[in-house]
Number of protein chains: 2
Amino acid sequence: MTTLRDIALIAGVSGATVSNVLRNRGFVGAETSARVREVAQRLGYRPNPMAQALANGRAPTIAMVFSDLANPFYSMFALEAERAARRRDHFLLVCHAAKPDGTLDTAYLGAVAGRLSGGVLILGSDLGRADLLSAVPNGVPTVLAMWEDAADHPSLPCVTLDFREAGRLAADHLLALGHRRIAVLAGARGDRVSHGARLEGATARLREAGVLGGATLEEDSIGGGHRAAMRLLEAEPRPTAILATNDLLGIGAIQAAGERGLAVPRELSVVGITDIWLAAEMRPALTTVDIDTRRIADASVNALLDLIAEPDALARDALRIVGRPSLVRRASTAQAP
Amino acid sequence: MTTLRDIALIAGVSGATVSNVLRNRGFVGAETSARVREVAQRLGYRPNPMAQALANGRAPTIAMVFSDLANPFYSMFALEAERAARRRDHFLLVCHAAKPDGTLDTAYLGAVAGRLSGGVLILGSDLGRADLLSAVPNGVPTVLAMWEDAADHPSLPCVTLDFREAGRLAADHLLALGHRRIAVLAGARGDRVSHGARLEGATARLREAGVLGGATLEEDSIGGGHRAAMRLLEAEPRPTAILATNDLLGIGAIQAAGERGLAVPRELSVVGITDIWLAAEMRPALTTVDIDTRRIADASVNALLDLIAEPDALARDALRIVGRPSLVRRASTAQAP
C-alpha cells in the first residue's frame with residue numbers, strides 16, 4: 001500500500017509537503033505540486049479515509065453493541081443498521097459486549113467507544129439500566145435502540161417504538177377472533193421480565209375485555225416457548241390461543257401444539273410480536289405484530305450520526321418513537337373453536 | 001476527548017514532543033517529560049489505538065464480507081469471528097458487500113479493504129470466482145472462508161472444510177438406516193449449484209451403494225426446501241428420506257412433510273448439513289452434519305491476522321482444511337419404514 005512517506009521519498013520532498021499537495025492545503029510551488037501528484041498517481045496512491053477521519057477527530061465507523069448476534073432479531077437489525085450507516089459513508093463494527101451473566105463488558109466497550117468508532121449504538125433490550133449508564137465512557141456519542149419501556153428509558157438518547165401498542169394489537173387480534181381463553185407467554189431472563197411493556201399492553205387490553213390473563217415467564221427462545229406451551233396446553237379447560245411477546249416464543253408454542261397433536265390454527269391460535277424473517281418461513285406461518293425493524297435501525301443510525309456530527313443534536317434524555325406496530329395476519333390464527 | 005494537541009497546548013510543548021513522551025520515543029528532558037505526563041493524566045488522556053495502529057500502517061479491525069447477515073449461518077459465523085478477533089485485540093467490521101444480483105460491490109470493498117480494515121475475510125460460498133479475484137484490491141491481506149470446493153478454490157488463501165465428506169456422512173447415515181428411496185435436495189442460486197461439493201459427496205456415496213439419486217435444485221432457504229419437498233413427496237413411490245445440502249432446506253422439508261400429513265421420522269427421514277442453531281430448536285429437531293463453524297471462524301480469523309502481521313505468512317494458493325464434519329443425530333431420522 002502506498003503511503004505519503006513513499007511519495008515523499010520518491011518525489012524528494014517532505015511528508016508534510018505531500019500532505020499539503022494532496023489535501024490542497026498550504027503553499028507549495030506549481031512544479032513541486034505537479035511532481036508530487038505525478039508520483040502519487042504512478043504509485044497508485046489512494047487516500048486513507050480512516051487516517052483522514054482521525055485527523056479530523058473521528059473514525060467513519062459506528063459500533064453496534066448487542067448481546068447475541070445469533071438471535072435472528074439482532075442479525076436483522078445489524079443488516080439494516082449496516083445499510084443505513086453505509087448510506088452516510090460509515091461502516092459498522094459489531095461488538096458482542098455482553099458477558100455470560102448478561103452484564104456489559106465495560107473494558108471492551110471502552111476500547112472501542114469513541115476511539116475505534118465515532119459513536120456507539122446499543123441494542124438495549126437485554127441489558128440492565130445501571131450497567132448501561134456506567135459502561136459507556138463520558139463524552140462518547142451514544143444512542144440506545146429498542147429499549148422496551150419508552151416511558152422509562154435510561155438517560156441516553158433513545159430510539160424505540162411503542163411496545164405497549166404492539167402488545168395491545170396482538171391482544172386485540174385474538175379478542176376480535178372470539179378468543180376468551182388466552183394464555184400469555186412472556187420472555188424473561190431469570191426472574192426479570194424482558195418484555196415488560198408488551199406484556200403490560202397485552203394484559204391491559206385483555207382485562208378491558210374482561211378476559212383474565214396471568215402470564216407465564218420463559219427464556220426468550222424457541223426452546224423456551226416450546227417448554228412453556230407444553231405446560232400451558234395441559235390446563236383444563238385448555239387455552240384456545242397463545243399470545244407470545246416475541247416470535248421465537250410463538251414459534252416454540254406452535255411446535256409444542258404439533259407435539260400435543262393440536263392443529264394450528266383450528267384448535268389453537270398463536271400470535272407473536274416482532275416479525276423476524278423466520279415468522280414468515282414457518283409452517284404454519286406465524287401471525288405477528290410487525291415492529292418495523294428497518295425504520296428503527298435507520299432512525300437509530302441517523303440519530304447517532306447526527307450526534308457524532310453535532311454533540312448537541314440530541315438531549316441526553318431525548319426519545320424518538322419510530323413507526324407504528326402493525327398486525328401481520330398469517331396462518332397461525334383463526335376464529336376461536 | 002483529550003487529544004495530543006490539548007496536552008501540547010497546556011504543557012506548552014509541541015505535539016511531536018507529547019507524542020515522543022507518551023510513546024517513549026525520541027529525546028525529551030526529564031522535566032518536560034514529567035510535565036507532559038502530568039498534564040496527560042490530569043486531562044484523562046487515553047491513547048487512541050486506531051491512530052496508533054494507523055501510524056504503524058494498520059488498523060486493528062478486520063472486515064468480514066458476506067452476502068446476507070440475516071442468514072443464520074452467517075450470523076453464527078460473524079459471532080464466532082468477532083470473538084476470535086477479540087482474542088487478538090481486533091474488532092470486526094461487517095460488510096454486506098453483495099449486490100442484489102449476487103456480484104460483489106467492488107467500490108464498497110475498495111473503501112474498506114486495507115484502509116478502514118487491516119484485512120478482509122470473505123465468506124465465499126455464494127460469490128463468483130472471477131468476481132472475487134477482481135474485487136479485492138491488490139496487496140490487501142485477504143482470506144477466503146467456507147469456499148465450497150476445496151479442491152478448486154480461487155487463488156486466495158482459503159480456510160474451509162471438506163464439504164464432500166459432509167455430504168458423504170449425510171448419505172451414509174440414511175443408508176445405514178436402511179433407506180433406498182432417497183431424494184437429494186441441493187441449494188442453488190438460479191441454475192448455479194451453491195453446494196456442489198456436498199452434493200458430489202452425497203451422490204457419490206449413494207451411487208456406491210447402488211442407490212440412484214438425481215438431485216432437485218432449489219433456492220437455499222426454508223421456503224425453498226418447503227417448495228421442493230412438496231413436489232418430491234408427490235412422487236410414486238414416495239421417497240422415504242430427504243437429504244438436504246443445507247439445514248434451511250431440511251427444515252423446509254420437515255415443514256412440507258407436516259403439511260402433507262407425513263410423520264417425521266416415522267414415514268419420512270430428513271437430514272441436513274451445517275448444524276445452524278435452528279436445527280436443534282426445531283421440532284422434530286433436525287439430524288444434521290456439524291461442520292464445526294466455530295473452528296472454521298477461529299482458523300479464518302487467525303490466518304487473516306497472521307497475514308496482516310506478515311504478508312508472506314500464507315501463500316496465495318494456501319489451503320487449510322479445518323476440523324472434521326460429524327453427524328449429529330437428532331429426531332428427524334429413523335429406520336426406513
Side-chain angles (χ1 to χ4, degrees), chain A residues 1 3 44 46-51 53-55 57 59-61 63-64 68-72 74-76 78-79 82-83 86 89 91-96 108 110-112 114-117 137-140 221-223 226 248 251-252 254-256 258-259 276-278 280-284, chain B residues 1 3 44 46-51 53-55 57 59-61 63-64 68-72 74-76 78-79 82-83 86 89 91-96 108 110-112 114-117 137-140 221-223 226 248 251-252 254-256 258-259 276-278 280-284:
Chain A
M1 223 152 1
T3 64
R46 291 180 301 152
N48 183 332
M50 184 62 98
L54 282 164
T61 58
M64 188 185 116
D68 183 6
L69 188 57
N71 177 316
Y74 290 115
S75 56
M76 279 173 71
L79 189 63
E82 191 252 4
R83 287 182 176 140
R86 186 170 170 177
D89 297 320
F91 291 82
L92 190 71
L93 286 159
V94 291
C95 301
H96 184 261
Y108 183 52
V112 72
R115 300 289 172 176
L116 290 173
S117 71
N138 267 333
V140 174
S221 67
I222 294 179
H226 179 266
L248 292 177
I251 290 167
I254 290 178
Q255 296 185 335
E259 261 178 76
I276 56 174
W277 63 271
L278 263 177
E281 297 263 8
M282 288 290 117
R283 289 292 176 282
Chain B
M1 221 148 9
T3 63
R46 290 181 302 152
N48 183 332
M50 184 65 98
L54 282 163
T61 59
M64 187 186 116
D68 183 8
L69 187 59
N71 178 316
Y74 290 115
S75 56
M76 278 173 70
L79 188 62
E82 191 251 5
R83 286 182 178 141
R86 186 170 169 177
D89 296 321
F91 291 83
L92 191 71
L93 285 158
V94 292
C95 301
H96 185 260
Y108 183 52
V112 73
R115 301 288 173 178
L116 288 174
S117 70
N138 267 332
V140 174
S221 66
I222 294 178
H226 179 267
L248 292 177
I251 290 167
I254 290 178
Q255 296 185 335
E259 261 177 77
I276 57 175
W277 62 272
L278 262 177
E281 296 264 7
M282 288 290 115
R283 290 292 176 281

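Just so you know, these numbers use all the heavy atoms, side chains as well, and skip hydrogens, waters and symmetry mates. It should be emphasised that the depicted structure is a prediction, and the values quoted were computed from it without experimental measurement.
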Self-check item: Side chain / backbone / both / neither for Ile254(A) at chain B, heavy atoms under 4.5 Å
Solution: neither
Quiz item: Picking from Ile276(B), Val94(B), Asp89(B), which has the most non-hydrogen pairs under 4.5 angstrom with chain A?
Solution: Val94(B)
Practice problem: Looking only at non-hydrogen atoms, find the nearest pair between Gln255(B) and Arg283(A) and report the distance. | Solution: NE2-N, 3.4 Å
Quiz item: Distance from Leu248(A) atom CG to Glu281(B) atom CD, nearest 0.5 Å?
Solution: 7.5 Å
Exercise. Spell out, as yes or no, whether a donor-acceptor pair under 3.5 Å connects the side chain of Glu82(B) to the backbone of His96(A).
Key: yes
Quiz item: Quick one: what part of Met64(A) sits under 4.5 Å from any heavy atom of chain B, side chain, backbone, both or neither?
Solution: neither
Quiz item: Mind checking whether Leu278(B) and Leu278(A) have side chains closer than 4.5 Å, heavy atoms only?
Solution: yes
